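Atoms considered below: every heavy atom in the structure, side chains included; atoms not considered: hydrogens, waters and symmetry mates. Starting from 1, each residue takes its place in the sequence as its number. Predicted model, so just to flag it, every value in this text is computed and none were measured.
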Amino acid sequence: MDCSSFREALSARLDGEDEGLAPERVDRHLDGCASCRLWWERSTRLHRTMRLTEAPPVPDLSERIVTAAAPPRRERWAARVALAVVALAQSGLGVAQLLGVGAGHLAHSGQGAAHLGNESAAWNLAVGIGLLWASLRPASAGGQLPALTGFALVLAGVSAADLASGSVTTERVLTHGIMLAGLCLLFVVHRQSRTSDPAPTSASALPERVADDTARRLTLAHGRTAAPRDRLRRRPFARRRAA
């Protein structure tokens with residue numbers, strides 16, 4: 001049997017097919033034939049080259065990404081904990097009013113005093129729940145500021161007028177200090193929540209800068225001319241023609 005039959009068997013071995021000859025017989029011929037052995041080494045090298053290709057060079061952008069990325073958020077718990085305490089106190093004031101504790105100041109109000117007391121209790125309890133939620137979710141603090149600020153301004157004017165006319169006691173007016181403290185803490189938590197967010201400019205521009213730099217380096221490495229980025233951006237994906 002000539003060498004061509006053994007080389008066909010070796011070629012089938014490279015492709016993972018049936019060699020057509022006993023593998024031991026092919027190996028013995030390969031050990032004794034220098035020409036077939038050289039052919040086998042070259043074929044193996046060529047087969048490996050055709051199956052495996054070198055990966056294109058990719059720039060290391062780790063340092064740029066770390067530099068451009070925003071630092072992790074630092075949680076500020078002091079104001080949030082204080083707001084939670086004030087929220088519980090405000091909620092306790094509303095619950096106490098619902099239970100009839102401290103309702104003596106409405107005894108002289110005449111008809112509808114009970115309903116007005118319930119409205120006041122419901123509002124105080126709602127404010128407490130809102131402040132407690134803002135302490136747990138600082139991003140929601142900004143949504144409560146307009147309503148509570150307006151209420152505080154109106155309440156300050158009404159309380160001053162009632163104190164001047166003697167319609168309300170000083171002790172009763174001082175209970176509104178809980179809500180005012182909550183309003184101040186709510187503003188602090190809102191400010192901290194805004195300043196703790198990552199900068200949108202650096203974070204949003206990072207993927208685009210990295211993509212541009214990678215495309216430019218790969219273009220220079222492979223000798224191709226990339227299409228202008230602006231032209232690619234003006235063409236929505238849905239309007240591109242299918243290949």
Side-chain angles (χ1 to χ4, degrees), residues 65-106 109 112-208:
I65 293 175
V66 172
T67 302
R73 293 183 54 177
R74 294 182 301 172
E75 295 290 344
R76 303 175 182 179
W77 292 98
R80 294 174 60 181
V81 171
L83 181 61
V85 173
V86 172
L88 293 177
Q90 179 70 22
S91 301
L93 179 63
V95 172
Q97 288 181 343
L98 285 176
L99 296 178
V101 179
H105 64 284
L106 294 173
S109 299
H115 181 67
L116 290 176
N118 291 334
E119 287 182 349
S120 176
W123 171 253
N124 286 326
L125 184 58
V127 170
I129 294 174
L131 295 179
L132 184 60
W133 178 255
S135 68
L136 299 176
R137 295 290 185 268
S140 65
Q144 302 184 39
L145 281 174
L148 289 185
T149 302
F151 173 70
L153 293 176
V154 175
L155 182 62
V158 172
S159 298
D162 290 341
L163 279 176
S165 63
S167 301
V168 68
T169 62
T170 304
E171 292 77 9
R172 172 61 183 170
V173 174
L174 290 179
T175 59
H176 301 318
I178 300 176
M179 192 274 298
L180 294 177
L183 179 61
C184 296
L185 290 172
L186 190 68
F187 179 77
V188 174
V189 170
H190 171 63
R191 293 285 296 180
Q192 290 181 354
S193 175
R194 292 185 58 186
T195 56
S196 298
D197 290 336
T201 54
S202 60
S204 60
L206 176 61
E208 184 177 348

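- Side-chain atoms of Q144 do not come within 3.5 Å of backbone N or O of L186 as any donor-acceptor pair.
- S91 places a side-chain N or O within 3.5 Å of a backbone atom of A87 that can act as its donor or acceptor partner.
- Judged by distance alone, the side chain of S135 and the main-chain N or O of L132 form a donor-acceptor pair under 3.5 Å.
- When every heavy atom of G182 is checked against every heavy atom of L83, the shortest pair comes out as O-CD1, 3.6 Å.
- Residue W133 qualifies as open at atom CH2: its count of foreign heavy atoms under 6.0 Å is 12 or below.
- With values rounded to the nearest 0.5 angstrom, R80 atom CZ is found 7.0 Å from L136 atom CG.
- Residues V86 and A181 share a closest heavy-atom pair of CG1-C, 4.3 Å.
- The number of heavy atoms from other shown groups lying within 6.0 Å of CZ (F187) does not exceed 12.
- A 4.5 Å side-chain heavy-atom check between M179 and L93 finds every atom pair outside the cut-off.
- The distance from atom CG of L125 to atom OG of S120, rounded to the nearest 0.5 Å, is 11.0 Å.
- Between N124 and T175, the closest side-chain pair of non-hydrogen atoms is not below 4.5 Å.
- Across every non-hydrogen atom of V173 and S159, the tightest pair is CG1-CB, 4.1 Å.
- Taking CG of L183 as the reference point, atom CG of L180 lies at 7.0 Å (rounded to 0.5 Å).
- Contact check for P138 versus Q192: no side-chain heavy atoms found under the 4.5 Å cut-off.
- Expressed to the nearest 0.5 Å, how far CZ of R172 lies from CG of L163 amounts to 12.0 Å.
- In plain terms, the two heavy atoms of L185 and A79 that are nearest each other are CD2-O, 4.4 Å.
- Rounding to the nearest 0.5 angstrom, the gap separating the CG atom in L155 from the NE2 atom in H176 is 4.5 Å.
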